[in-house]
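Below is one structure, written out as structure tokens; comments come after it.
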Amino acid sequence: MQAKVYVIGSSGHAKVVIDAIEAEADYEVGGLIDDFKPAGETALGYPVIGKLEHIAKLVQQTESEKPVNLFIAVGDNYNRSLIADKIDAMALKVNYIHIQHPKASISKHAKIGPGSIIMANASVGPETQIGTHVIINHNASVDHECTLGHFSSVSPGAVLCGNVQLGEQSAIGAGATVIEKVVIGNNSVIGAGSVVIKAIKDNQLAIGSPADTVKTREPGEKYLK
């Protein structure tokens, strides 16, 4: 019997997460949790069962020695971190699973933190360390000995060459390339299709080929439309 996991979110990114959970087959989706959707609304056939506060009820209903399995399926890095903070503040017995789509190629020498997802046709090289609640999207390539900070994300088709360091809550846009040994700071965004050949500091939006900083970002500033 598969263990249940409760998915937080019900929009587009949540649907991709659900698809990966179904493909991996280690867990079954027990329901969706969403503060912005009414109970009973569905995504891919799974119902919204309540808001974040409903997690406390799930914990009460679960055997005391077993935590409730959760996955935060929210694409925006900052918002994903806010949800994790809210859940942590509840001080409940929960467990964040990580998801590896069976069509992903992941080195046995890579380390993946809880709450992170590696999607179909993505690759992760040896001795890469992936933090908590990280997204590595479809067809992305993260080469050897990279470090990805908590709540960061790599969009579809993006490439991180070896020994890249990606800061917390930073995002690599679709089809972007970061050459080897480049350091990207916290809360920075690399625009789609950009080529990064030098370090990018904290709180920057960098675009172009070669990529250059075009503005300073505020914490929580939108980058996903």
Side-chain angles (χ1 to χ4, degrees), residues 7-9 11-14 16-17 34-36 52 70-90 94 96-99 110-119 122 124 128-138 140-143 145-161 163-178 181-194 196 198-208 211-225:
V7 174
I8 299 169
S11 298
H13 180 64
V16 177
V17 168
D34 197 318
D35 278 354
F36 304 101
L52 285 178
L70 301 176
F71 191 90
I72 303 176
V74 173
D76 182 271
N77 295 341
Y78 182 75
N79 288 336
R80 199 161 62 256
S81 73
L82 289 182
I83 291 170
D85 288 344
K86 289 179 181 178
I87 295 171
D88 289 348
M90 296 177 186
V94 300
Y96 292 111
I97 70 166
H98 76 262
I99 300 168
K111 294 184 178 180
I112 303 170
S116 294
I117 183 167
I118 319 297
M119 295 186 186
V124 177
T128 280
Q129 300 200 33
I130 297 169
T132 60
H133 304 283
V134 173
I135 299 169
I136 299 180
N137 226 307
H138 299 87
S141 175
V142 179
D143 209 344
E145 300 167 278
C146 290
T147 301
L148 279 64
H150 307 315
F151 301 99
S152 61
S153 59
V154 182
S155 295
V159 175
L160 304 187
C161 296
N163 291 284
V164 168
Q165 296 182 42
L166 180 63
E168 294 188 12
Q169 295 188 29
S170 287
I172 307 298
T177 298
V178 184
K181 299 182 180 179
V182 166
V183 177
I184 297 172
N186 299 324
N187 188 44
S188 288
V189 173
I190 307 302
S194 297
V196 185
K198 64 180 181 181
I200 303 296
K201 296 179 180 179
D202 295 348
N203 306 306
Q204 303 299 306
L205 171 62
I207 62 175
D212 206 357
T213 297
V214 295
K215 64 173 289 187
T216 298
R217 301 184 70 248
E218 296 297 327
E221 185 174 338
K222 294 292 183 183
Y223 64 96
L224 295 176
K225 302 298 184 182

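From a predicted model like this one, the values you see are computed outputs, not experimental measurements.
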| task | Apply side-chain contact (heavy atoms from CB on, under 4.5 Å) to Phe71 and Ile99, showing your working. | result | CA-CA 9 Å; Phe71 191 90; Ile99 300 168; 3.6 Å; yes

| message | Testing the basics here: between Ile136 and Val142, what is the closest heavy-atom pair and its distance to 0.1 Å? | response | CD1-CG2, 4.0 Å

| said: Please identify which of these residues, His133, His13, His150, meets the side-chain contact (heavy atoms from CB on, under 4.5 Å) condition with Arg80. | reply: His133

| request: Measure from the side-chain N and O atoms of Ser152 to the backbone N and O of Gln169, and report whether any donor-acceptor pair falls under 3.5 Å. | output: no

| field | Side-chain touch Ile87/Ile8, heavy atoms, less than 4.5 angstrom | value | yes

| query | Taking Val189 as the fixed residue, which of Leu224, Leu205, Ile207 is the one that meets the side-chain contact (heavy atoms from CB on, under 4.5 Å) rule? | reply | Leu205

| Value rounded to 0.5 Å, distance of OG in Ser155 from CD1 in Ile190 | 11.0 Å

| task | Could you tell me whether the side chain of Gln204 reaches within less than 4.5 Å of the side chain of Ile184, counting heavy atoms only? | result | no

| query | So, the side chain of Asn187 versus the backbone of Asp202: is there a donor-acceptor pair under 3.5 Å, distance only? | reply | no

| Which pair of non-hydrogen atoms, one from Ala206 and one from Ser194, has the smallest distance, and what is that distance? | O-OG, 4.0 Å

| said: Once rounded to the nearest 0.5 Å, what's the spacing between atom OG of Ser188 and atom NZ of Lys201? | reply: 11.0 Å

| Ignoring hydrogens and geometry, is there a side-chain-to-backbone donor-acceptor pair from Asn137 to Met119 under 3.5 Å? | no

| query | Looking at CD1 of Ile97 and OG of Ser116, how far apart are the two atoms once the value is rounded to the nearest 0.5 Å? | reply | 11.0 Å

| note | All heavy atoms of Ala14 vs all of Ala73, minimum pair found to be CA-CB, 3.6 Å

| message | With a 3.5 Å distance limit and no angle check, can you tell me whether Ser153 reaches the backbone of Ala171 through a side-chain donor-acceptor pair? | response | no

| message | Please check this pair: side chain of Asn77 against backbone of Ser170, looking for a donor-acceptor N/O pair closer than 3.5 Å. | response | yes

| request: Enter the distance from Ile200:CD1 to Thr213:OG1 here, rounded to the nearest 0.5 Å. | output: 4.5 Å

| note | Residues Asp143 and Thr128: closest non-hydrogen pair is O-OG1, 2.6 Å

| query | Quick one: CG on Leu160 to CD1 on Ile172, what's the gap to the nearest 0.5 Å? | reply | 5.5 Å

| request: Work out which heavy atom in Ala84 is nearest to a heavy atom in Phe151; give both atom names and the distance. | output: CB-CZ, 3.7 Å

| Can any side-chain N or O of Asn186 pair as donor or acceptor with the backbone N or O of Gly167 at less than 3.5 Å? | no

| query | In Å and rounded to the nearest 0.5 Å, what is the CG to CD1 distance from Leu166 to Ile130? | reply | 10.5 Å

| task | For the pair Ser141 (side chain) and Cys161 (backbone), establish whether a donor and an acceptor sit closer than 3.5 Å, ignoring hydrogens and angles. | result | no

